[in-house]
> 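One structure, as structure tokens, below. Some questions next.
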Amino acid sequence: MEPEAESGVGPVQSLARGLMVIRAFDETRPEMTLSEVARTTGLSRASTRRFLHTLVQLGYVWTDGRLFALTPRVLELGFSYLSSLSLPEIAQPHLERLTAQVHESVSVSVLDGDEIVYVGRVPTSRIMTVAINIGTRFPAYATSMGRVLLASLDEEELAKYLDRVRPEPLAPQTVTSAGELRRELERIRSQGWAIVDQELEAGLRSVAAPIRDRSDRVVAAVNVSSHASRTGPEQAREELLPPLLETAARIEADLRVAPQAGSSAR
């Protein structure tokens, strides 16, 4: 008998493995056979079959008998978090105002482990090969918002992150040296904002600023993204950064007066 099938295994392990099965599906693997799910998760076929059938019964997974795929009901799992999070609701009108001002895509994200998660966004034209939506995740080290959030970590947390993460060259200009990344984060911590030039994807340039709650803790980041062909580095600093910093300040002002605002944003 597989260890996870034994009656002595607690519900926490079963929950973790069930979530592992859900997270196995993504835009590159929207549909998979039982064997493919097992291979992706590293679980046995027997365990994978049991978790998939349970998810089918709960309505989170659909199957035609051979292929399995997530259903829209999976969105409920994230909706509970987003609906209890006051930050996106507070930030949204400010994002819309900033987008109307600079005519570029504007986003808000929070740090979740080693990645950023988008919790607010007002897009204009699509500038990445990957579509960005609420819930989209990217490695923190290669994004302007991620670097703002990483720069807010205390020294112990940052040291653990730099020891744990091995940056990959996502684009030709991606910083992959831990030492260089640390120096960049120290610069961001000192100046209070970040600019990332074509490190997440060629052609993408973005500038980000932190969002602090009433206790002055960085709980999120806001950014403006533009295609490099439209906005040069100096132009980003001169034309995008000032209104971005003003927007961050306005969001912070609203967070400080909203009850419990920002307390669960990270």
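When reading the values below, keep in mind they use all heavy atoms of this one structure, side chains included, and skip hydrogens, waters and symmetry mates. This one's a predicted model, so the numbers in the text were calculated from it and none came from an experiment.
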> With under 30° as parallel and over 60° as perpendicular, where do the rings of Phe68 and His53 fit, or are they tilted in between?
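It falls in the tilted class, 30° to 60°.
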> Hey, can you pull the donor-acceptor pairs under 3.5 Å for the side chains in residues 18-30, sequence neighbours left out?
residue	atom	partner	partner atom	Å
Asp26	OD1	Thr28	N	2.9
Asp26	OD1	Thr28	OG1	2.6
Asp26	OD1	Arg29	N	2.8
Asp26	OD2	Arg29	NH2	3.3
Arg29	NE	Ala24	O	3.1
Arg29	NH2	Ala24	O	3.1

> Can you measure from OG (Ser86) to CG (Leu255) and round to the nearest 0.5 angstrom?
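Reported value, rounded in 0.5 Å steps: 6.5 Å.
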> Check whether any side-chain heavy atom of Val108 sits under 4.5 Å from a side-chain heavy atom of Leu87, and report yes or no.
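Heavy-atom side-chain distance check passes, below 4.5 Å.
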> Evaluate the side-chain proximity of Val37 to Leu52: yes if any heavy-atom separation is below 4.5 Å, no if none is.
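Yes, side chains in contact.
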> I need the single residue from Ser226, Ser225, Ser144 that forms a side chain to side chain donor-acceptor pair (under 3.5 Å) with Ser206. Which is it?
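The option that passes is Ser144.
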> Please tell me if the side chains of Gln235 and Leu240 come closer than 4.5 Å, counting only heavy atoms from C-beta onward.
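No - every pair of side-chain heavy atoms lies 4.5 Å or more apart.
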> If I take atom OG1 from residue Thr176 and atom CD from residue Glu168, how far apart are they, to the nearest 0.5 angstrom?
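The OG1 atom of Thr176 sits 10.0 Å away from the CD atom of Glu168.
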> So how far is it from Tyr118 OH to Asn223 CG, rounded to the nearest 0.5 Å?
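Going from OH on Tyr118 over to CG on Asn223, the span is 5.5 Å.
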> Quick check: do Ser107 and Val222 have side-chain heavy atoms less than 4.5 Å from each other?
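No, their side chains stay 4.5 Å or more apart.
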> Indicate yes or no: at least one non-hydrogen side-chain atom of Leu158 is less than 4.5 angstrom from one of Arg189.
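Side chain of Leu158 against side chain of Arg189, heavy atoms only: contact under 4.5 Å found.
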> Going from CE on Met32 to OG1 on Thr48, what distance comes out if it is rounded to the nearest 0.5 angstrom?
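Answer rounded to 0.5 Å: 9.5 Å.
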> Answer yes or no: does atom CZ of Arg164 have more than 12 heavy-atom neighbours from other residues, nucleotides or ligands under 6.0 Å?
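Yes, CZ of Arg164 has more than 12 neighbouring heavy atoms, counting only those of other groups under 6.0 Å.
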> Can you name the side-chain contact (heavy atoms from CB on, under 4.5 Å) partners of Glu246, sequence neighbours left out?
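Result, side-chain contact (heavy atoms from CB on, under 4.5 Å) vs Glu246: Arg250.
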> Taking side chain as C-beta onward, heavy atoms only, is Arg121 less than 4.5 Å from Ile132?
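Yes, at least one pair of side-chain atoms sits under 4.5 Å.
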